Amino acid sequence: MPELPEVEVTRRSFADAILGARVTGLRLGKPLRWPLGVDPETLLGARVGTVQRRGKYLWLPLEGAGGLLLHLGMSGSLAFLDTTPAPGAHDHFDLHTEHGLLRLTDPRRFGAVVWAAGLDAEPVATLLGGLGLEPFDARFDGLHLHARLSGRRVAIKQALLAGDIVVGAGNIYACEALFMAGIDPRLPAGKLSRPRADRLAMAVRGVLGQALEAGGTTLRDFRDAHGVAGSFQMQAQVYGREGEACRRCGTAIRRIVQGQRSTFFCPSCQKR
DNA sequence: CTGGGCTCCTGTCAGC
DNA sequence: TGCTGACAGGAGCCCA
């Protein structure tokens, strides 16, 4: 579910509210992707610092007690609640604080909550270590993109999704960015020309920025920590539109499979 | 190093 | 109505 815009929208929706609150309790539901990695008791009383985002991960610092790395996987969402409803079947992590309850709901359980002593401590250092640049980092541009793609034979779509060059674009936004840049998703990454790399870098930033403004994409169940849905799905040009007319040229949008993921594109607007 | 495929898990929907 | 298979917003891991 959540790509960079959804994760960032989520972060913004509760970071201020939880800042400075002491941890008063912790409840674990069914196992998530990895074990928490710490005795929950040791986190009691710690103050929550400023929630940060790196790629699609959130880092929740606990002053004097390390911090928690959160990932929403495919189906995760966070809620920040004034009350304490009985946990549902898919509520697998509760962090009770003086300011409210932070609850992770994740039906598929590909998400994770992992403790580490710090951002540079294991296992967090390894998880974050291989990540590419943030899309809004000034260092991320066509030059960087072009250099990192050179010699690679994978399809450009898969190179974007891999997250080791630039983070944040998942299946929806990778498709949308390639449409915006007019690039065929099957193009071998190393064959992207420098001018087109410029366009693609701009498009990645542009699409993620638009999605952020729209509050993210709510295909089915994405909500921010206060239950607000996103609306970027209304602006999608290709994602989920197989067989429908391209909004730019009218050609039928195609769906193909790359690396076991659906790719949507306009065969006429997007060139090799 | 690179690329490709598999895997984790549950829910939903289309088709028969 | 019930069953089956395809598919779903991620990404770590293993193997060639």
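Everything numeric here is computed off the predicted structure, so don't read it as measured data. Residue numbers start from 1 in every chain, and the chains themselves are labelled A, B, ... in the order their sequence lines are given, proteins ahead of strands.
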### Query
Near DNA chain C, under 4.0 Å by heavy atom, which residues of residues 51-59 of chain A?
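By residue number: A/K56, A/Y57.
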### Contact residues, residues 181-190 of chain A to DNA chain C [heavy atom, < 4.0 Å]
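Contacting residues: none.
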Mind calculating the distance between [atom1] ([X]) and [atom2] ([N]) to the nearest angstrom?
X      : N      : atom1 : atom2 : result
A/L127 : C/dA11 : CG    : P     : 11 Å
A/E242 : C/dC7  : CD    : P     : 10 Å
A/R152 : B/dG4  : CZ    : P     : 10 Å
A/D106 : C/dG10 : CG    : C1'   : 11 Å
A/L4   : C/dA11 : CG    : P     : 10 Å
A/I165 : B/dC1  : CD1   : C1'   : 13 Å
A/L32  : C/dG10 : CG    : P     : 17 Å
A/R261 : C/dC7  : CZ    : C1'   : 11 Å

### Task
State whether A/R153 places a side-chain N or O below 4.0 Å from either non-bridging phosphate oxygen (OP1 or OP2) of B/dT2.
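Indeed not, no polar side-chain atom of A/R153 lies that close.
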### Message
Is the phosphate of C/dC7 approached by A/R255 (side-chain N or O, under 4.0 Å from OP1 or OP2)?
### Response
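Yes, within the criterion.
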### Query
Closest heavy-atom contact between A/A155 and A/P185?
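For A/A155 and A/P185, the tightest heavy-atom pair comes out as CB-O, 3.4 Å.
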### Message
For a quick test of reading the model, state the closest non-hydrogen atom pair linking A/R54 to A/G132 and the distance between them.
### Response
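Scanning both residues, the minimum pair turns out to be NH2-O, 2.7 Å.
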### Task
Say whether A/R223 and A/S77, considering side chains only, have a donor N or O and an acceptor N or O under 3.5 Å apart.
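Note: A/R223 and A/S77 side chains miss the donor-acceptor criterion.
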### Query
Distance only, no hydrogens: is a donor on one side chain within 3.5 Å (strictly under) of an acceptor on the other, for A/D224 and A/T10?
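Distance-only check fails for A/D224 and A/T10.
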### Message
Strictly under 4.0 angstrom, non-hydrogen atoms only: write out the protein contact profile of nucleotides 6-16 of chain B, one letter per nucleotide from the 5' end, B, S or -.
### Response
B-BBBSS----
### Message
In whole Å, measure the gap between the P atoms of C/dC3 and B/dC9 for me.
### Response
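To the nearest whole Å, 23 Å.
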### Message
For the P atoms, the ones on C/dC7 and on B/dG5, what distance do you get once it is rounded to whole angstrom?
### Response
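The answer is 16 Å between these two P atoms.
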### Task
Take A/K56 and A/V167, measure what side chain to side chain contact (heavy atoms under 4.5 Å, CB included) needs, and give me the verdict at the end.
CA-CA 8 Å; A/K56 298 170 193 168; A/V167 295; over 6 Å; no
### Query
Quick one: does NZ or CZ of A/R247 land under 6.0 Å from the six-membered ring centre of A/F179, within 45 degrees of the ring axis?
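Not satisfied by the 6.0 Å and 45° rule.
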### Query
Between A/V257 and A/H71, which has a closest nucleotide on DNA chain C that is more 5'?
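Whichever sits nearer the 5' end wins; that is A/V257.
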### Task
Give DNA chain C the dot-bracket treatment, 5' to 3': Watson-Crick (N1-N3 with N6-O4 or O6-N4) or G-U (N1-O2, O6-N3) under 3.5 Å, [ ] crossing, | other strand.
.|||||||.|||||||
### Query
Just wondering, are more than 12 heavy atoms of other shown residues or ligands nearer than 6.0 Å to CZ in A/R153?
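For A/R153, atom CZ is not crowded (no more than 12 foreign heavy atoms under 6.0 Å).
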What pairs of donor and acceptor atoms, side-chain ones from residues 62-69 of chain A against any protein atom, are under 3.5 angstrom apart with sequence neighbours left out?
none

#### Entry: Atom pair SG (A/C175) and CG (A/L160), whose distance is rounded to the nearest 0.5 Å
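So the SG of A/C175 and the CG of A/L160 are separated by 9.5 Å.
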### Task
Using the test side-chain hydrogen bond (donor to acceptor under 3.5 Å, both in side chains), find all partners of A/R139 that sit at least two apart in sequence or belong to another chain.
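A/D137.
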### Task
Using the side-chain contact (heavy atoms from CB on, under 4.5 Å) rule, pick out the option among A/F265, A/F232, A/F264 that qualifies with A/Y239.
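So the option named by the test is A/F264.
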